[in-house]
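Single-structure report; data block below.
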Amino acid sequence: MSDGLIDKKKDVVFITFWLIVLKGQFVLSLVDTSNMSKTANKVFEMLDVIVKRIGEKNIVQVVTDNAANYKAAGQLLMEKRKSLFWTSCATHCIDLIVEDFEKKLEIHQVTIAKGRIITSYIYSIIILISMLRHFTKGRDLIRIAATRFATAYLTLRCFNYHKIQLMTMFISKQWSSCRFARIEEGKRIQNCVLDNRFWHDVTICIKTAYPLIKVLRLVDSDKKPAISFIYKAMDEAKEKIQVNFGSVKKGIYLANFYFKCCHLLIRMSSNRDIPRF
């Protein structure tokens, strides 16, 4: 399996090659690619060297991420070595689906943007951090996940969990007596937190994306290979999304949104090449 380490510019500066066996996983090689063009042919050459080093007969499957150059390199590897099977990383595929949820569903895009504005504002001012932790009993709003896009949805889930505490904070004497309550930016943040439409959209985003976030957690775990559960987990995620929107018959808006989500998920699952074992 290959994995990449990126820098602040999101360029892959190191490629790590792993060997995964029944007893665990081991680092075989760490290649500095900071001054290297990561073309399909170059990635193929690096993969082929690793295969030759281990021995083709000792390898069952080669796993990489879903980037176009890696997909092309995987195809080249299978053409040369007929007994090998290449597949894209399940974690990366599902993360890309979650990314598309945020980018292609307007409610998600707008709601996540509002959540980021609220958290950025609160966590940029020490007195507001202290105030927040007073009302949430020391809890934070930001939940760090394995990927940036999963983090966005887990943060929305924290928002939803602390909804009452957040709304209480922005109508409290502590808030109204601080100078930030009287400036325009502070008023905009307060209006957003007290907006029922925002909280409705937070719930919609969680219902749509959280079943997939749970699958992402499973496949990103090192406890067992994804081959044993990925299809069942994805089917259950789709079913859970359907259950979450069980009341779609009660409103045209929710019905249209649910079917749009399902269509997007099915299309992206196919386009993202969820691994075929």
Problem set entry | Check against side chain to side chain contact (heavy atoms under 4.5 Å, CB included), L212 and I97 | CA-CA 9 Å; L212 280 176; I97 294 174; 3.8 Å; yes
Can you give me every donor-acceptor pair (side chain of residues 128-137, partner residue at least two apart or in another chain, under 3.5 Å) with its distance?
{"from": "R133", "atom 1": "NE", "to": "D140", "atom 2": "OD1", "distance (Å)": "3.1"}
{"from": "R133", "atom 1": "NH2", "to": "D140", "atom 2": "OD1", "distance (Å)": "3.1"}
{"from": "R133", "atom 1": "NH2", "to": "D140", "atom 2": "OD2", "distance (Å)": "3.4"}
{"from": "T136", "atom 1": "OG1", "to": "L132", "atom 2": "O", "distance (Å)": "2.9"}
{"from": "T136", "atom 1": "OG1", "to": "R139", "atom 2": "N", "distance (Å)": "3.3"}
{"from": "T136", "atom 1": "OG1", "to": "R139", "atom 2": "O", "distance (Å)": "2.7"}

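- Atom CG of residue N160 and atom OG1 of residue T155 lie 12.5 Å apart, to the nearest 0.5 angstrom.
- Here the shortest heavy-atom pairing between A73 and L47 reads CB-CD1, 4.3 Å.
- Here L166 contributes atom CG and I189 contributes atom CD1; the two are 11.0 Å apart, rounded to the nearest 0.5 Å.
- Counting heavy atoms from C-beta on, the side chains of L84 and Q61 never come closer than 4.5 Å.
- Residue I118 is not grouped with residue Y161 when hydrophobic side chains (ILVMFWY) are merged at heavy-atom distances under 4.5 angstrom, including chains of intermediate members.
- When atom types are taken as modelled, the side chain of N191 and the backbone of K187 share a donor-acceptor pair closer than 3.5 angstrom.
- Not a single donor-acceptor pair under 3.5 Å links the side chain of T111 to the backbone N or O of H108.
- Using modelled atom types, one side-chain atom of W199 and one backbone atom of V193 make a donor-acceptor pair closer than 3.5 Å.
- When all heavy atoms are compared, the tightest approach of L156 to V202 is O-CG1, 3.6 Å.
- Separating the CD1 atom in I117 from the CD1 atom in I112 is a distance of 12.5 Å, to the nearest 0.5 Å.
- Scanning for ring pair (Phe, Tyr, Trp, His ring centres under 6.0 Å) contacts around F159 gives an empty result, with sequence neighbours left out.
- Evaluation of the ring pair (Phe, Tyr, Trp, His ring centres under 6.0 Å) test over residues 168-193, restricted to residues two or more places apart or in two chains, returns F170-W175.
- Qualifying side-chain contact (heavy atoms from CB on, under 4.5 Å) partners for K240, counting only residues two or more places apart in sequence or in other chains: P211, N244.
- Applying the side-chain hydrogen bond (donor to acceptor under 3.5 Å, both in side chains) criterion to E102, with sequence neighbours excluded, gives R116.
- The side-chain contact (heavy atoms from CB on, under 4.5 Å) check on K214 picks up Y210, with sequence neighbours excluded.
- Sorted by first and then second residue, the salt bridge (charged side-chain N to carboxylate O under 4.0 Å, His left out) pairs involving residues 75-91 (not counting sequence neighbours) are D48-K80, D48-R81, E56-R81.
- Evaluation of the side-chain contact (heavy atoms from CB on, under 4.5 Å) rule for V49 yields no partner, not counting sequence neighbours.
- The nearest pair of heavy atoms linking C158 to L141 is CB-O, 3.1 Å.
- The structure places CG of D195 at 14.5 Å from CZ of R188, a figure rounded to the nearest 0.5 Å.
- For K42, the salt bridge (charged side-chain N to carboxylate O under 4.0 Å, His left out) partners two or more places apart in sequence, or in a different chain, are E45.
- Between M169 and S172, the shortest heavy-atom distance links the atoms O-OG, 2.6 Å.
- Here the CD1-CG distance, from I50 to L77, works out to 11.0 Å after rounding to the nearest 0.5 Å.
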Problem set entry | Verdict with reasoning, L194 to I171, per side chain to side chain contact (heavy atoms under 4.5 Å, CB included) | CA-CA 9 Å; L194 299 180; I171 60 173; 3.8 Å; yes
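- Annotation: R179, atom CZ; neighbour count of heavy atoms from other residues, nucleotides and ligands within 6.0 Å does not exceed 12.
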Problem set entry | Derivation and outcome, side chain to side chain contact (heavy atoms under 4.5 Å, CB included), residues I241 and K207 | CA-CA 6 Å; I241 293 172; K207 284 183 176 181; over 6 Å; no
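- Under a hydrophobic clustering in which Ile, Leu, Val, Met, Phe, Trp and Tyr are joined whenever their side-chain heavy atoms come within less than 4.5 Å, directly or via other members, Y121 and I127 fall into the same cluster.
- Both I122 and F198 belong to a common hydrophobic cluster when Ile, Leu, Val, Met, Phe, Trp and Tyr are linked at side-chain heavy-atom distances under 4.5 angstrom.
- No more than 12 heavy atoms of other residues, nucleotides or ligands lie within 6.0 Å of CD1 in I126, so this atom counts as exposed by the packing criterion.
- Within the 4.5 Å cutoff, the side chain of Y123 has heavy atoms near those of the I142 side chain.
- One distance of note links OG of S176 with CD of Q190; it measures 8.5 Å at 0.5 Å rounding.
- For K103, the salt bridge (charged side-chain N to carboxylate O under 4.0 Å, His left out) partners at least two apart in sequence or on another chain are E99.
- Of all heavy-atom pairs spanning L76 and A40, the tightest one is CD1-O, 4.3 Å.
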